[in-house]
Every structure is written in structure tokens, then in C-alpha cells.
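Read the structure below first, then the notes.
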Amino acid sequence: MEEKKESLNFIEQIVADDLENGKHSNIITRFPPEPNGYLHVGHTKAICINFGMTEKFGGRTHLRFDDTNPEKESTEYVNAIKRDIKWLGFEWGEHEYYASDYFGKLYEYALQLIKDEYAYVDDSTSEEMAEMKGNVNTPGQNSPYRNRSIEENLELFKKMKDGEFENGSKVLRAKVDMSNPNLLMRDPVIYRVKKAHHHRTGDKWNIYPMYDFAHGQSDSIENITHSLCSLEFENHRPLYNWFIEKLGIFPSRQIEFSRMNVTYMITSKRRLLKLVEEGIVSGWDDPRMPTISGMRRKGYSPESIRTFCDKAGVTKREQMIDIGLLEECLRQDLNKTTDRVMAVLNPVKVIITNYPEDKEENMLIVNNPEENEPSYRTVPFCREILIEQSDFMEEAPNRKYRRLAPGKIVRLKSAYIIECHDYVKDETTGEIKEIHCKYFEDSRSGSDTSGLKPKGTLGWVSTRHAIKAEARLYDRLFNDPTPTKHDGKDFMEFINPNSLKILPEIYVEPSVTQREVGERLQFMRIGYFCIDRDSTSERMVFNRAVTLKDTWVKVQKKNT
RNA sequence: AGACCUAUGGUGUAAUUGGCAACACUUCAGUUUUUGGUUCUGGCAUUCUAGGUUCGAGUCCUAGUAGGUCUACCA
């Protein structure tokens with residue numbers, strides 16, 4: 001027996017090495033969202049990588065909110081983020097932390113830096129600082145405040161903390177190197193005066209640390225062994241390490257990977273907000289949104305999203321993944337896990353002329369043929385049923401056609417074989433009003449002795465028993481795969497005006513009334529749907545998560 | 001222009017001391033099927049360029065080219 005050796009991605013390789021050579025006996029990672037917005041597809045990759053790493057190698061993953069900018073952050077976002085991560089299936093246990101938990105410690109670190117002459121208070125305006133920073137070609141100039149005495153710096157910094165200076169009047173900067181080719185090393189600001197109410201610390205602080213002086217230090221405080229983040233922080237790594245060295249604290253290691261981009265999806269918080277504010281979508285959880293809450297409402301399963309992240313892989317290359325892969329992951333999961341039901345979206349009436357008017361039968365139908373031990377339900381059948389308009393043609397177009405047409409026979413799923421002998425058409429509109437068929441009494445599914453071999457099987461619902469419901473058919477929000485990557489064109493120009501089509505009156509077999517909000521089902525031969533929270537006992541609402549693959553559509557397109 | 005990073009089918013990812021370039025998605029042709037779904041079989045298609053080292057290079061060396069990130073008191 002030869003077993004294929006599983007290949008590790010580059011981060012797993014580093015972790016495996018660190019564990020093997022004893023650098024670490026167990027690992028700790030973290031997912032560090034800023035609570036200033038909703039989580040989206042891009043975040044799912046970071047979540048899966050960080051939590052996935054410790055699921056695979058042991059250890060644990062902390063959830064830490066990077067809440068160092070009180071003006072933008074709120075508890076509402078904290079709760080939404082926690083809910084979304086849990087829904088994806090990850091647990092952080094008691095390891096829920098906040099950068100704001102460390103404000104005291106961070107302040108002490110700043111004091112230590114000042115005492116060691118690695119930080120100073122600067123009175124320059126942000127404009128002056130920007131000017132003196134230089135650019136990629138020219139080195140920066142030292143601030144006139146760079147050589148203040150330790151005592152003066154200590155005193156000024158304390159006054160900053162005590163609220164004696166106004167917002168923007170003074171900052172604390174690290175004293176690194178104004179001529180460093182890496183702009184981030186040119187004496188970065190590490191504390192600013194900001195008299196703002198914080199969602200957790202209230203009005204206690206008048207100063208707040210910057211990302212570079214909060215994130216790495218928080219990692220260190222929590223003994224994070226591997227701090228996994230996206231590529232845009234590559235240039236921050238030298239600074240990350242500089243603080244560790246100067247402060248002499250636990251050396252967490254930052255490793256960067258490329259973030260996930262998906263065609264037809266955007267992941268900029270600013271742009272997503274615009275879609276919400278301008279009413280292009282109904283909210284952050286609109287099923288067309290690439291947010292986790294939007295995808296959940298549309299019908300994505302946690303499993304499908306995790307599989308998708310897994311298949312996307314972990315590298316340092318910029319990736320643009322085909323949304324088709326995400327949809328295929330969903331189909332594969334839902335094919336195995338969802339029950340099938342029959343529904344008719346665009347109905348046309350079929351009258352079975354030789355079936356008794358008052359007769360009704362209950363047809364036994366398997367819920368999910370993919371199950372190892374199939375379960376069954378019954379669906380009522382009678383003389384008058386509805387089928388999909390697209391399942392009937394006045395004339396069969398070619399020999400490959402398997403659906404209903406005059407003179408042709410088809411199987412009604414788990415019921416009888418019928419043959420069309422007539423139809424009623426509105427000559428002015430061309431609309432088919434009724435289709436008249438006769439059924440073969442000896443062809444009932446399960447006890448078929450008719451010997452007939454119809455080529456096609458159709459879904460149907462009994463007119464007498466079907467429930468009316470609403471279907472929301474979602475399509476991509478944009479009609480361009482990369483709406484934000486066109487110079488001179490705003491992404492809003494690529495909004496797909498037909499991203500939502502509402503069918504106010506579809507017909508579904510009565511068994512669906514037993515289902516609950518959030519449940520996913522397959523409408524046979526149509527697609528996967530999820531029961532929306534807008535459903536009431538009077539009227540159910542179904543969101544289309546993804547269509548079934550449809551090779552017949554392709555064949556038709558090719559022939560036209 | 002400076003620093004850092006990246007380059008393998010259409011897309012994404014493998015190829016672990018230099019040894020037959022493979023897997024998934026897509027696509028195409030079949031098979032199976034009481035879902036034109038699923039299953040199964042097969043096909044098309046790949047190492048950025050130019051040199052070099054080597055019996056042998058996706059992998060090592062040199063020089064290019066293309067792309068990404070960085071000049072916020074955001075994270």
C-alpha cells in the first residue's frame with residue numbers, strides 16, 4: 001500500500017519545522033479583526049488558516065479584537081464577528097481578548113522605550129511630519145523635537161495621557177531611522193492624542209496606540225508563536241521585529257500570505273458600505289453581499305466555505321479565484337446533505353384527462369438519493385398538476401429532446417408516465433394555457449408494468465395541494481469579474497441591474513411547510529434554495545443559493 | 001526611481017537534498033441515471049524571457065521583463 005504524502009503549504013511547513021526542532025512545544029495563533037465592519041469572504045481565508053493551523057498541529061487560536069481606534073469601533077461589530085466565526089465552525093474557548101485589555105501594558109512599554117531613548121514626543125503637525133518623511137527616493141529629515149531629554153519626553157507623554165493636550169497636537173514616535181528605505185521605519189507614530197469614548201475602556205484614555213505599537217505587542221503578550229497575516233503587512237515586519245528587540249519581549253513571528261480575491265466579489269469595507277448606503281443591496285446580510293452573513297442567508301453552508309478556502313490554498317501570490325469554484329464547493333456539499341423537493345417556478349397547467357376528477361394518491365418519494373439509508377416522504381397527486389413551462393414544447397426541436405411535446409411520453413417523478421395528446425394556446429399571446437395528457441395506469445412508480453421507456457422525467461406539483469411561495473433568484477452583483485480593477489472606471493458602473501429577480505408566485509409541494517428558516521433544500525432539476533428569514537406562516541420565501549448544473553442549456557445555446 | 005515580495009495549463013494549487021510536470025475547477029467527448037443533477041471514463045491545455053552550471057533545471061547562478069505592497073495621528 002502506497003499512501004500519497006500530503007504536501008504542506010509554506011506556513012504549515014514552517015510550523016512543522018518549529019515543532020520538530022523544538023523551537024516551540026505547541027503553537028498559538030490568533031485571528032485579529034478590527035470591530036469596525038462585517039466579516040467577508042476575504043476574512044474567511046484568514047480565519048481558516050489561523051484556526052486550521054491549530055486544528056492540524058494542536059495548540060490554540062485566540063480571537064483578539066484589534067480595537068485601538070475607538071471612533072470607528074463598536075460592540076455591535078464585536079458580536080456580529082463572533083457570531084460569524086462560530087457559524088463557520090471555529091472555537092476560541094476562553095481565549096477572547098481585546099487589544100484594549102493591554103492599554104495599560106502598552107503604556108508601560110512606551111515608557112520603557114522613552115527611557116531607553118527609543119521614543120520621543122513630537123509637536124509637529126501631521127503635514128509637517130509628512131513633509132519631513134521624504135519619499136521612496138529621498139531620505140527623511142529628523143524632527144526638531146527628536147532630541148528632547150528623557151525627562152521632558154516622560155513629562156509630555158504623561159500629560160498627553162492625562163488629557164492636557166488637544167487631539168492632534170502631539171504624538172509619540174519611535175526613534176528608528178529617518179533615512180531607512182522602508183518608509184515605515186522613519187520614526188513611526190506609535191501613540192496619538194484622541195479624546196474619544198472607547199467601546200470597552202470608556203473615557204479612561206486620552207491617548208491610543210497605533211496598529212504597529214499594538215498588534216505585535218499584543219501577539220507577544222499572548223505568546224502567539226505564529227502571527228499569520230496578509231501580504232500588505234510585509235513591510236511592517238521589520239518594525240514588528242524592531243519593537244520585539246527593543247522591548248525584549250516574547251518574539252512572535254509574523255508570516256504573511258496573499259489574501260483571497262474572488263471574481264465578481266469585492267472585499268473593500270468602504271465599497272461594501274457604499275452598496276448598503278446607496279440601497280443597491282438591502283443590507284450587510286443581503287444574499288448578494290460577499291459578507292459571511294450575506295452568504296449564510298443566501299444558503300452557503302459553513303462546510304462549503306471551508307472547503308473552498310482549503311482548495312484556494314496558501315501562498316504569497318496574488319490570487320483571483322473563479323467564483324465558479326466557490327459555487328461548485330457549495331453544490332458538492334449540498335448534493336450530499338440536502339433533501340430534494342419538487343417546485344415549479346414558471347408553471348403551466350397539465351390536465352390528466354383520463355384520471356378521475358376526485359381521485360388523489362400519495363406518491364412515495366426519496367428525500368435524498370445520496371444518503372446511505374434513504375428516507376421517504378409522500379407527495380399528493382391528482383388530476384390537475386403544474387409543470388415547468390420550459391418542460392413543454394409544441395414541437396420537439398431534435399432527437400435529444402427528452403421533455404414533453406404532443407405525442408411524446410415522459411415520466412412524472414415518482415408517479416405515472418403521461419403522454420401529451422393536446423394543448424390549449426392563447427393565439428394572441430402565444431402562451432400555452434393548458435396541456436392535456438393521458439396517464440398510463442400501470443406505470444405507477446415502483447409497480448410499473450407498462451413496459452414504456454420514457455426518455456425524460458419531470459418534476460410536478462398538484463394544483464390542489466401545492467403551496468404558493470416567493471422565490472428570490474440571485475445572480476452576480478457585478479457583470480464584470482473584476483469591477484474594481486478598471487482604471488478610470490468606478491466599480492459602481494459594473495453593477496448588474498438584474499442581480500435579483502423575484503418570482504412572487506411559485507408552487508412548491510406541501511411538505512416544505514414542515515421546514516424551518518435557514519434550511520437548505522434542492523428544488524429538483526432547478527437548484528439549491530434556502531428558506532429566508534422573511535418567511536411567514538402565510539408565505540414562505542426561498543433564496544436561490546446556486547443553480548444546478550444545466551447541460552441542456554448549453555446544448556440549446558450551441559444549437560442556436 | 002528606493003525597499004520588500006511574487007512569477008508553473010484559462011483559474012487555483014502541487015512537484016520536500018537537481019531525476020518521467022501532476023491534482024482540482026473550467027472546457028470538450030462519452031458512460032450511468034425515474035433530477036439534462038449525481039456517478040464513472042477519456043481528451044484539450046502548463047514551468048515569464050535570455051544566457052549559464054549540470055549527464056539531467058520548474059527547482060541552482062546571472063541579467064532582464066511583468067505584477068503587487070509601502071510615502072494615514074486607519075487596521
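Chain identifiers are assigned alphabetically (A, B, ...) following the order of the sequence lines, protein sequences preceding nucleic acid strands; residue numbering begins at 1 within each chain.
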Report task. Pick base, sugar-phosphate or nothing for A:Phe233, based on heavy-atom distances below 4.0 Å to the nucleic acid. Result ->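 Here A:Phe233 touches the bases of the nucleic acid.
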Query raised in the report: Base, sugar-phosphate alone, or nothing: which one does A:Thr551 contact when heavy atoms must sit under 4.0 Å apart?
Result: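 Sugar-phosphate, no base atom in range.
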Answer yes or no: is there a side-chain heavy-atom contact under 4.5 Å between [X] and [Y]?
X	Y	value
A:Glu419	A:Leu452	no
A:Leu239	A:Met185	yes
A:Ile385	A:Met342	no

[X] vs [N]: side-chain N/O to OP1/OP2 distance below 4.0 Å:
X	N	result
A:Arg192	B:A75	yes
A:Ser126	B:A72	no
A:Arg317	B:U13	yes
A:Thr263	B:U11	no
A:Ser445	B:U34	no
A:Lys549	B:G36	no
A:Lys316	B:G68	no

Below 3.5 Å, does any donor atom in the side chain of [X] face an acceptor in the base of [N], or the other way round?
X	N	answer
A:Arg525	B:U35	no
A:Asn182	B:A3	no
A:Asn235	B:U69	yes
A:Gln319	B:U13	no

**Report entry** Salt bridge present between A:Arg377 and A:Asp339 (N-O < 4.0 angstrom)
**Finding:**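 Salt bridge between A:Arg377 and A:Asp339, a charged N being under 4.0 Å from a carboxylate O: no.
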Requested in this report: Look at A:Glu328 together with A:Arg331 and state whether they make a salt bridge at an N to O cut-off of under 4.0 Å.
Outcome: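 Answer for the salt bridge query: yes.
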Query raised in the report: Planes under 30° and centres closer than 5.5 Å, is that true for A:Trp552 with the base of B:G36?
Result: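 Stacked: ring centres under 5.5 Å, planes under 30°.
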Query raised in the report: Which of residues 31-42 of chain A have a heavy atom under 4.0 Å from RNA chain B?
Result: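 Of all residues in residues 31-42 of chain A, the ones placing a heavy atom under 4.0 Å from RNA chain B are A:Glu34.
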Query raised in the report: When you match A:Asn167 and A:Gly324 each to their closest nucleotide on RNA chain B, which lands nearer the 5' end?
Result: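 Mapping each residue to its closest nucleotide by heavy atoms, the 5'-most match is A:Gly324.
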Query - Which residue lies more 5' along RNA chain B, comparing A:Asp212 with A:Lys413 via nearest heavy atoms - result: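 It is A:Lys413 whose nearest nucleotide is closer to the 5' end.
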**Report entry** Interatomic distance at C1', B:A14 relative to B:U49, whole Å
**Finding:**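 Per the computed distance, 24 Å lies between those C1' atoms.
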**Report entry** Nearest atoms (heavy-atom pairs only) where A:Arg253 meets A:Asp18
**Finding:**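 Heavy atoms only, the tightest pair is NH1-OD2, 4.4 Å.
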**Report entry** Donor-acceptor pair between A:Thr307 and A:Asp310 side chains, under 3.5 angstrom
**Finding:**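 No, because no side-chain N or O of A:Thr307 sits under 3.5 Å from a partner of the opposite role on A:Asp310.
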Query - A:Glu76-A:Tyr38 side chain donor-acceptor pair, cut-off 3.5 Å - result: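 Their side chains do contain a donor-acceptor pair, which is all the 3.5 Å distance test asks for.
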Report summary line: Output field dot_bracket for RNA chain B (Watson-Crick or G-U, both distances under 3.5 Å, | for other-strand pairs) contains .((((((..((((.....[..)))).((((.........))))....(((((..]....))))))))))).....
